[in-house]
Amino acid sequence: MRILVVEDHIQLQESISLFFKPQGYLIDKATSLEEAKEKIHLYEYECVLLDIGLPDGNGMELIRSLKQMDKESGVIIISAKNALDDKLEGLALGADDYLVKPFALAELSMRTMALIRRKNFDGKNELVIGELIINIKDYQISYQRKLIPNITRKEFQLLLLLAGAKNRVLSKMAIAEYLLGESADLMDNFDFVYAHIKNLKKKLKTAGVPNHIETVYGLGYKFIHHEAGQ
């Protein structure tokens, strides 16, 4: 799950990043409105944590940009302002939540997860595909009620990405960006994507899971939602 933190207070930005990363989030950061606009143009985010008091403009403009680009990212405004007008404006523009500084990082984390569940998984903690269950909250995968062992955090993120794409083909670059963030641009090849796909498929097969991950040669990969009994 990929998040953009738009915050010009570097210490707070780093605190959010350090708190969220162990939970499996991929974090990108921006300190200005223009940098944030560049990020949302290049990447897809499940959630944007947005400070509206930015050095080069009002963060509300980023919400307008997301709407103009038909982006489906959730938005949580994190602001030092507790003004009702700001809250109403942000929510009217399409923000999903509003949190006033100072706040507990644990609360921000819970609100972020709740937002992602509402947006991507109908508010549920589990993505159920036949007898395959992906537990989003606990980062666990089970099949026929048995926990599949030794699934790494990257493999979990990969399966969640593919399963959530609903039969859409995901390119190797899209997968690389999701798993590595901006560091993907520095990669000479996609060997690590092949390795993660291979290892994930092997672990699922060992657990008896039908093959859901299909290679679309020359394009990338897609997750096939088999009908019951297949």
Side-chain angles (χ1 to χ4, degrees), residues 1-9 12-13 16-17 20 23-101 103 105 107-124 127 136 157 160-171 173-179 181-182 184-185 220:
M1 290 175 282
R2 191 168 190 168
I3 293 175
L4 175 63
V5 182
V6 186
E7 171 60 65
D8 65 322
H9 191 290
L12 177 57
Q13 185 188 77
I16 293 172
S17 178
F20 274 55
Q23 302 175 53
Y25 295 102
L26 181 62
I27 305 294
D28 290 347
K29 296 175 282 189
T31 56
S32 68
L33 181 60
E34 284 307 308
E35 186 180 8
K37 286 182 177 180
E38 291 177 5
K39 301 279 189 184
I40 64 169
H41 179 75
L42 291 171
Y43 307 111
E44 299 293 332
Y45 296 99
E46 275 83 10
C47 184
V48 177
L49 304 179
L50 175 64
D51 182 12
I52 57 176
L54 298 171
D56 59 342
N58 191 316
M60 300 289 188
E61 289 299 320
L62 189 69
I63 303 176
R64 294 188 178 94
S65 296
L66 285 166
K67 298 303 177 184
Q68 290 169 359
M69 298 166 66
D70 291 325
K71 298 282 186 174
E72 297 182 356
S73 308
V75 177
I76 298 177
I77 295 174
I78 50 175
S79 175
K81 297 181 179 181
N82 193 20
L84 178 60
D85 288 346
D86 286 324
K87 289 183 180 180
L88 294 177
E89 180 184 0
L91 294 172
L93 285 173
D96 299 276
D97 204 347
Y98 193 108
L99 194 58
V100 178
K101 301 176 185 177
F103 50 78
L105 290 174
E107 180 181 4
L108 178 61
S109 175
M110 292 299 292
R111 292 196 186 201
T112 301
M113 176 55 77
L115 171 58
I116 292 173
R117 286 201 306 265
R118 290 198 306 270
K119 288 275 185 181
N120 295 354
F121 306 105
D122 298 322
K124 301 175 183 176
L127 181 60
I136 302 155
Q157 292 174 329
L160 188 61
L161 173 67
L162 291 167
K166 298 178 181 178
N167 292 317
R168 288 188 292 109
V169 177
L170 295 176
S171 69
M173 176 55 80
I175 294 172
E177 289 176 347
Y178 187 84
L179 295 178
E182 296 168 340
D185 295 334

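Hydrogens, waters and symmetry mates play no part in the numbers below; they use all other heavy atoms, side chains included.
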Yes or no on side chain to side chain contact (heavy atoms under 4.5 Å, CB included) for C47 and I76, after CA distance, side-chain angles and deciding distance?
CA-CA 7 Å; C47 184; I76 298 177; 4.2 Å; yes
Return the set of residues passing side chain to side chain contact (heavy atoms under 4.5 Å, CB included) with [X] (not counting sequence neighbours), or none when no residue passes.
{"X": "M69", "value": "I40, H41, K71"}
{"X": "E34", "value": "S32, K37, D56"}
{"X": "L42", "value": "none"}

Is any side-chain heavy atom of [X] closer than 4.5 Å to a side-chain heavy atom of [Y]?
{"X": "Y43", "Y": "L4", "value": "no"}
{"X": "L99", "Y": "E107", "value": "yes"}
{"X": "V6", "Y": "D51", "value": "no"}
{"X": "I16", "Y": "K29", "value": "no"}
{"X": "I77", "Y": "M60", "value": "yes"}
{"X": "Y45", "Y": "L66", "value": "no"}

Assess the residue pair Y25 and M113 against the criterion (side chain to side chain contact (heavy atoms under 4.5 Å, CB included)); give the C-alpha distance rounded to whole Å, side-chain angles, the decisive distance to 0.1 Å, and a yes or no.
CA-CA 10 Å; Y25 295 102; M113 176 55 77; 3.5 Å; yes
For a side chain to side chain contact (heavy atoms under 4.5 Å, CB included) with F20, tell me which candidate from V5, L26, I27 qualifies.
I27
